[in-house]
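Written out below as structure tokens is the structure these notes cover.
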Amino acid sequence: MAGTDTVTGLEVHDVRFPTSDRLQGSDAMHPDPDYSAAYVVLRTADGSDGHGLCFTLGRGNDVVAAAVRALAPYVVGHPAPVTVGRLGALHRALTHDSQLRWLGPEKGVAQMAAGAVVNAAWDLAARRAGRPVWEFLAGLTPEELVGLVDFRYLADALTPAEALALLRAAEPGRAGRTARLQAEGYPAYTTSPGWLGHDDATLVRLAEEAVADGFAQIKLKVGADLDDDLRRLRLVRAAVGPGVRIAVDANQRWEVAEAVRWMTALAPYAPHWIEEPTSPDDVLGHAAVRAGQPVKVATGEHVANRVGFKQLLQAGAVDFVQIDAARVAGVNDNLAVLLMAAKYGVPVCPHAGGVGLCELVQHLAMFDYVAVSGSWEDRVIEYVDHLHEHFTDPVVVARGRYRAPAAPGFSARMAPASLAAYRYPDGPVWRARGARRDAGVPA
């Protein structure tokens, strides 16, 4: 019989939302995304559970779900990963499996699956502790935090001793920053106005509404056509004025020389950054784009692991690091990235949107402010204003700032009704779409 502190089950749900219907999430490389999640539930013998997810764009979500199931032997039947030691050990076990790592190593579907399970474990641990993940993490000692990080391959950029020194230096101000975070919230920016599928009138209207709602930064998708981008950026700059930051995002569309030429043309409209100008794996390409034109460079949402971030920082290739809660192997990998970014003095501005990414990544940015960097200067969390209604503890953004979550856990729990309705391919939403398609009716 399993003890009360044992994981008894790992469930995986293929959940998909038909966001392509209204071109939500559309960009130059991904014109028709259906925002989806391989959604994980860990269940324990005492009735507690932990929820996590991995975000995808639809097709392939089942592949990630299968990869998650392959990790079940590392979790089911083992003690619940609710202590710092167990959370560190679980991360290492999932990412260092001697056969599964061949599929990466530490990248792609295998890495994303590990991240979904690791994040579910953090949700379980924080709920057991009765605290939101950001506060749970910020309550750990510097020594405990260092023990969570896999420093393999990082020693030439960050040693455990350097990480410990960074965390100890930030420790005295934790209480004051926690109080300020809870009182003021964390700065946000919104991408909702800038999807590439919006017509000009919608683009301008949504940009104006975002500024009226308190956002000091918005983001536009670019990269399909230079003349269109010039027109769209000119319209939005005229609508919001010079005091609002406008970031732009090419979603990996360009060659290096093309990125330099394109951004030189857009530069008169003062873009705050160019995001993912070229392949996310091309560290030297990002460095060349940064050196070749006047706009700052941001990237990271498709960087697979801590080593990729290490190289970007060592090469001076980025002005803003964009972590993603579910692309790397969960909280532990992101902790390593936050520590390296703090050492190199590069602001972290997390990627969000998607399904549940805003809910997850807010915790990491808030922890960074309280316990690592100690600053939100030049730091913002991305916000997209859809799909939050499917979560039991959705993000709250007011006057352009994320409110600090107070509920225990990682804010990752989907409502049971949403899990049932959007289950793929046999949930009622997808069955109805299939019936309409068979009848020749547009979705």
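All values below were derived from every heavy atom in this structure, side-chain atoms included, with hydrogens, water molecules and symmetry-related copies excluded. We number each residue from 1, following the sequence as shown.
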request  = Please tell me if the side chains of His388 and Glu359 come closer than 4.5 Å, counting only heavy atoms from C-beta onward.
outcome  = yes
Q) Please walk me through it: do His386 and Ser192 pass side-chain hydrogen bond (donor to acceptor under 3.5 Å, both in side chains)? A) CA-CA 9 Å; His386 64 276; Ser192 296; 5.3 Å; no
Pro294 and Ala267 have their tightest heavy-atom pair at CG-CB, 3.6 Å
**Prompt:** Does a salt bridge link Glu143 with Arg168, judged by any charged N lying under 4.0 Å from a carboxylate O?
**Reply:** yes
* Would Asp123 and His51 count as a side-chain hydrogen bond (donor to acceptor under 3.5 Å, both in side chains) if you check the C-alpha gap in whole Å, the side-chain angles of each, and the deciding distance to 0.1 Å? -> CA-CA 6 Å; Asp123 180 63; His51 297 232; 5.3 Å; no
Quiz item: Counting distance only, does the side-chain N/O of Asn334 pair as donor-acceptor with the main-chain N or O of Asp324 below 3.5 Å?
Solution: yes
| Heavy atoms of other groups near Arg92 CZ, more than 12 under 6.0 Å | yes
In terms of relative ring orientation, are Phe17 and Tyr422 parallel, tilted or perpendicular, with 30° and 60° separating the classes?
tilted
Is the shortest distance from a Lys or Arg side-chain nitrogen in Arg232 or Asp225 to a carboxylate oxygen in the other one below 4.0 Å? no
- Do Arg306 and Glu106 meet the salt-bridge criterion of a basic N to acidic O distance under 4.0 Å? yes
| message | Just so I know, are the side chains of Glu301 and Glu275 near enough to count as touching, which here means a heavy-atom distance under 4.5 Å? | response | yes
Is it true that the NZ or CZ of Arg16 lies under 6.0 Å from the centre of Tyr424's six-membered ring and within 45 degrees of the ring axis? yes
### Task
Answer yes or no: is there a donor N or O on one side and an acceptor on the other, between the side chain of Lys310 and the main chain of Tyr153, under 3.5 Å?
yes
On a heavy-atom basis, the closest approach of Gly353 and Cys358 is N-SG, 3.3 Å
Heavy-atom closest pair (Ala317 atom, Ala287 atom, distance to 0.1 Å) is CB-N, 3.6 Å
Take a 6.0 Å sphere around CD of Glu11 and say whether it holds more than 12 heavy atoms from other residues, nucleotides or ligands.
yes
d(Met340 CE, Leu158 CG) to nearest 0.5 Å is 7.0 Å
Original post:
Going through the distances and angles, do Arg423 and His13 end up as a side-chain hydrogen bond (donor to acceptor under 3.5 Å, both in side chains)?
Top reply: CA-CA 7 Å; Arg423 185 178 62 248; His13 303 265; over 6 Å; no
To the nearest 0.5 Å, atom CG of Leu145 lies from atom CG of Leu339 at 7.5 Å
Quiz prompt | Side-chain heavy atoms of Val337 within contact of Val328, under 4.5 Å | solution = no
Note to self: Quick one about Asp229 and Trp262 (side-chain donor to acceptor, distance below 3.5 Å, no hydrogens or angles considered), yes or no?
What the structure shows: yes
| request: Please answer whether the main-chain N or O of Pro172 pairs with a side-chain N or O of Arg174 as donor and acceptor at a distance below 3.5 Å. | output: no
**Message:** Looking at Asp368 and Val348, would you say the former's side chain and the latter's main chain have a donor-acceptor pair under 3.5 Å?
**Reply:** no
Between His272 and Phe320, is a ring-ring contact (aromatic ring centres under 6.0 Å, His included) present by the stated rule, with each step listed?
CA-CA 11 Å; His272 183 55; Phe320 301 97; 5.3 Å; yes
The side chain to side chain contact (heavy atoms under 4.5 Å, CB included) partner of Val331 among Leu360, Leu148, Leu137, Leu87 is Leu137
Scanning both residues in full, the closest heavy-atom pair of Ala365 with Pro350 reads CB-CG, 3.9 Å
* **Main-chain N/O of Ala270 paired to Arg237 side chain as donor or acceptor, under 3.5 Å** => yes
Flag, side chain of Gln293 to backbone of Val260, donor-acceptor distance under 3.5 Å = no
N/O donor-acceptor pair under 3.5 Å between Ser373 side chain and Ala342 backbone: no
Next item on the list: State, with a plain yes or no, whether a side-chain heavy atom of Leu124 is found less than 4.5 Å away from one of Pro81.
Entry: yes
Quiz prompt | pair Arg261-Leu226: side-chain heavy atoms closer than 4.5 Å | solution = yes
Interatomic distance, OH@Tyr369 vs CH2@Trp134, rounded to 0.5 Å, equals 10.5 Å
Per side chain to side chain contact (heavy atoms under 4.5 Å, CB included), Val146 is matched among Leu166, Thr159, Thr141, Leu167 by Leu167
OG1 of Thr56 to CG of Asp14, rounded to nearest 0.5 Å, is 7.5 Å
* Asked: Would you say Arg177's side chain and Val370's backbone share a donor-acceptor pair under 3.5 angstrom?
  -> yes
Heavy-atom nearest pair, Pro142 first then Glu171, reads CD-OE2, 3.4 Å
d(Leu235 CG, Leu230 CG) to nearest 0.5 Å is 11.0 Å
Practice task
Assess Arg401 against Trp376: is NZ or CZ under 6.0 Å from the centre of the six-membered ring, and within 45 degrees of the ring's axis?
Solution key: yes
Which of Trp273, Tyr383, Tyr402 passes ring pair (Phe, Tyr, Trp, His ring centres under 6.0 Å) with Tyr189? Answer is Trp273
To the nearest 0.5 Å, atom CG of Asp393 lies from atom CZ of Arg413 at 10.0 Å
query: Is the closest side-chain heavy-atom distance between Leu419 and Val15 below 4.5 Å?
result: yes
Open item on the list: Using side-chain hydrogen bond (donor to acceptor under 3.5 Å, both in side chains), reason through His91 and Asp333 one step at a time and then give a plain yes or no.
Closed with: CA-CA 9 Å; His91 172 261; Asp333 262 9; 3.1 Å; yes
Per side chain to side chain contact (heavy atoms under 4.5 Å, CB included), Thr278 is matched among Gln252, Arg253, His286 by His286
Report task. For Val384 and Leu357, run side chain to side chain contact (heavy atoms under 4.5 Å, CB included): C-alpha distance rounded to whole Å, both residues' side-chain angles, the deciding distance at 0.1 Å, then the answer. Result -> CA-CA 9 Å; Val384 176; Leu357 296 186; over 6 Å; no
*asked:* Could you check whether any side-chain heavy atom of Val248 comes within less than 4.5 Å of a side-chain heavy atom of Val295, counting everything from C-beta outward?
replied: no
Taking every heavy atom of Val355 against every heavy atom of Ala37, the minimum-distance pair comes out as CG1-CB, 4.2 Å
Side-chain donor/acceptor of Asp249 to backbone N/O of Lys221, under 3.5 Å = no
Val109 side chain reached by Leu103 side chain, heavy atoms, under 4.5 Å = no
